[in-house]
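Down below is the structure, laid out as structure tokens.
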Number of protein chains: 2
Amino acid sequence: MFTHSEENYLKTIYHLELDSEKGISTNAIAKQLETKASSVTDMVKKLSEKEVVIYKKYKGVTLTAFGKKTAANIVRKHRLWEVFLVEKLNFSWDEVHEVAEQLEHIKSPKLINQLDAFLSFPTHDPHGDPIPDKNGNLKTIEKSLLSTLQKNECGICVGVDDSSSEFLQFLDKKGIILGEKITVLEKEEFDDSLQISIQDKKLSISNKIANNLYIKKA
Amino acid sequence: MFTHSEENYLKTIYHLELDSEKGISTNAIAKQLETKASSVTDMVKKLSEKEVVIYKKYKGVTLTAFGKKTAANIVRKHRLWEVFLVEKLNFSWDEVHEVAEQLEHIKSPKLINQLDAFLSFPTHDPHGDPIPDKNGNLKTIEKSLLSTLQKNECGICVGVDDSSSEFLQFLDKKGIILGEKITVLEKEEFDDSLQISIQDKKLSISNKIANNLYIKKA
DNA sequence: ATAAATTTTTAGACTAACCTAAAAAATATA
DNA sequence: TATATTTTTTAGGTTAGTCTAAAAATTTAT
Ligand SMILES: [Mn+2]
Ligand SMILES: [Mn+2]
Ligand SMILES: [Mn+2]
Ligand SMILES: [Mn+2]
């Protein structure tokens with residue numbers, strides 16, 4: 001139905017649409033896919049032909065309902081494979097993205113349904129991102145950035161915003177693990193750094209870190 | 001390193017070389033890959049550039065040592081994925097080929113090593129075909145076609161020659177399962193059909209079937 | 001409101017992987 | 001051995017997906 005490349009475009013547009021109201025610009029897509037805006041223009045014309053996006057020259061693109069569902073399914077596959085790699089093949093959470101990037105393009109509805117069952121129908125991937133259901137629906141939980149918590153507030157660490165290996169490895173080193181309770185002990189005014197406790201340990205983290213960690217308020 | 005298409009060519013040449021002494025003709029490759037001989041000529045030139053095959057105009061191609069190792073690794077991936085699909089995801093042996101055909105192209109050495117371990121280092125795929133080791137070496141066991149057995153001889157059913165879904169589903173229907181002991185009760189002269197026993201059942205099978213089942217003599 | 005800067009599209013070109021039709025080489029046949 | 005048949009290669013063309021450079025549209029700044 002869709003080529004490897006078309007699928008990557010769809011997924012990118014899907015992600016970009018999640019945090020933006022307006023049409024997605026060719027430049028934004030190009031930046032994400034590390035390609036050129038002119039290549040994006042060509043591709044969005046094709047995607048428009050295939051009725052997965054609405055494209056108005058100079059106005060950017062938006063996914064159609066069909067496009068959204070198609071894209072969500074690719075995201076579903078990506079995240080399920082990530083769970084598989086971590087849970088079953090002992091990959092660490094900073095190693096899975098690249099491989100999932102390939103696996104997400106495997107075409108077999110049975111494969112993905114069986115995988116889902118094999119993994120006991122996970123709801124989130126190793127980075128705390130929600131896994132779309134078969135119909136492409138995302139159930140979004142209300143989560144806040146750690147940086148928005150006040151002194152003495154606490155919550156469960158449920159996800160990361162930046163999921164680069166560098167950041168993930170940094171979290172590993174600090175001992176910050178998804179699913180653990182984090183309490184803000186102290187909040188420094190002048191640099192917005194935090195003193196937190198997690199698993200009986202106390203540690204100090206910068207605002208940059210706090211801006212990339214999601215907390216579900218208790 | 002190699003494109004999806006190059007990998008498919010390598011794998012095809014590898015399989016064709018297993019039962020042929022001479023160079024593999026462009027026509028043979030074209031037939032297998034359902035493409036045209038002229039396309040094959042183009043591709044073998046490229047593969048020759050990349051030093052995975054030796055190509056002499058009008059003389060066919062042969063894999064180099066490097067090409068053989070590369071091809072064996074693709075076959076290794078294909079067969080490990082087939083095991084995974086059957087053992088872990090409840091696919092039946094007639095459904096796995098198409099999906100493995102896609103999965104074999106996923107590039108990640110760690111993935112395949114971990115998968116191998118996860119599956120407890122299987123030596124054969126669901127069709128009884130051997131899985132090459134990390135270095136591309138195949139350990140071939142001596143097996144015979146069921147059609148070569150004489151009356152009252154017996155052996156373990158270890159593989160199929162034809163692994164089309166039609167044939168595999170036919171075997172399922174008949175109750176012929178890999179790993180089971182088969183005894184030849186009777187051999188008809190005029191049509192080479194056999195009366196066999198398997199798992200306490202007696203059944204009659206045609207020569208065509210007997211020519212597509214491998215037996216390890218007891 | 002005009003001009004300048006930025007963004008986006010168009011035009012033209014490239015490569016990979018195919019194709020068809022024609023030419024050339026190898027093989028089979030008389 | 002000469003001729004006919006088959007196999008293989010070459011020549012030229014197509015499509016997908018990419019690129020650079022130039023043109024056009026939009027946005028920002030004066
Ligand atoms: Mn991808
Ligand atoms: Mn993820
Ligand atoms: Mn393949
Ligand atoms: Mn197989």
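Just the heavy atoms: all of them, side chains too, but no hydrogens, waters or symmetry mates, feed the values below. Predicted model only: the values in this text are computed from it and were never measured. Residue numbers start from 1 in every chain, and the chains themselves are labelled A, B, ... in the order their sequence lines are given, proteins ahead of strands.
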request  = Tell me what B/S39 touches on the nucleic acid: a base, only sugar-phosphate, or nothing, going by heavy atoms under 4.0 Å.
outcome  = base

query = Would you say B/K174's side chain and B/I205's backbone share a donor-acceptor pair under 3.5 angstrom?
reply = no

query = Where the side chain of B/T26 is concerned, which of C/dT9, D/dT9, D/dT18 is the nearest nucleotide?
reply = D/dT9

query = Which nucleotide in the set C/dT20, D/dT8, C/dT9 lies at the smallest distance from any side-chain heavy atom of B/Y58?
reply = D/dT8

message = Treating B/E101 as the side-chain partner and B/E98 as the backbone partner, does any N or O pair qualify as donor plus acceptor under 3.5 Å?
response = no

task = Would you check, one step at a time, whether the test side chain to side chain donor-acceptor pair (under 3.5 Å) holds for B/S193 with B/N207?
result = CA-CA 5 Å; B/S193 70; B/N207 178 251; over 6 Å; no

inquiry  = Strictly below 4.0 Å: does B/T35 bring a side-chain N or O up to OP1 or OP2 of C/dC19?
reply    = yes

ask   = Can a side chain N or O of B/K36 be found less than 4.0 Å away from OP1 or OP2 on C/dT20?
value = yes

ask   = So do the side chains of B/L168 and B/V160 get within less than 4.5 Å of each other, counting heavy atoms only?
value = yes

ask   = Atom NZ of B/K59 and atom C1' of C/dT27: how far apart are they, to the nearest Å?
value = 10 Å

task = May I ask you to verify if any side-chain N or O of A/Y55 is less than 4.0 angstrom from the OP1 or OP2 atom of C/dT9?
result = yes

remark   = Whole-Å distance, B/D42 CG to C/dA16 C1', equals 10 Å

query = So what does A/S38 hit on the nucleic acid, given a heavy-atom distance under 4.0 Å: a base, only sugar-phosphate, or nothing?
reply = base

query = Once you round it to whole Å, what is the distance between P of C/dT7 and NZ of A/K22?
reply = 13 Å

ask   = Of the nucleotides C/dC18, D/dT26, C/dA21, which one has an atom closest to the side chain of B/Y9?
value = C/dC18

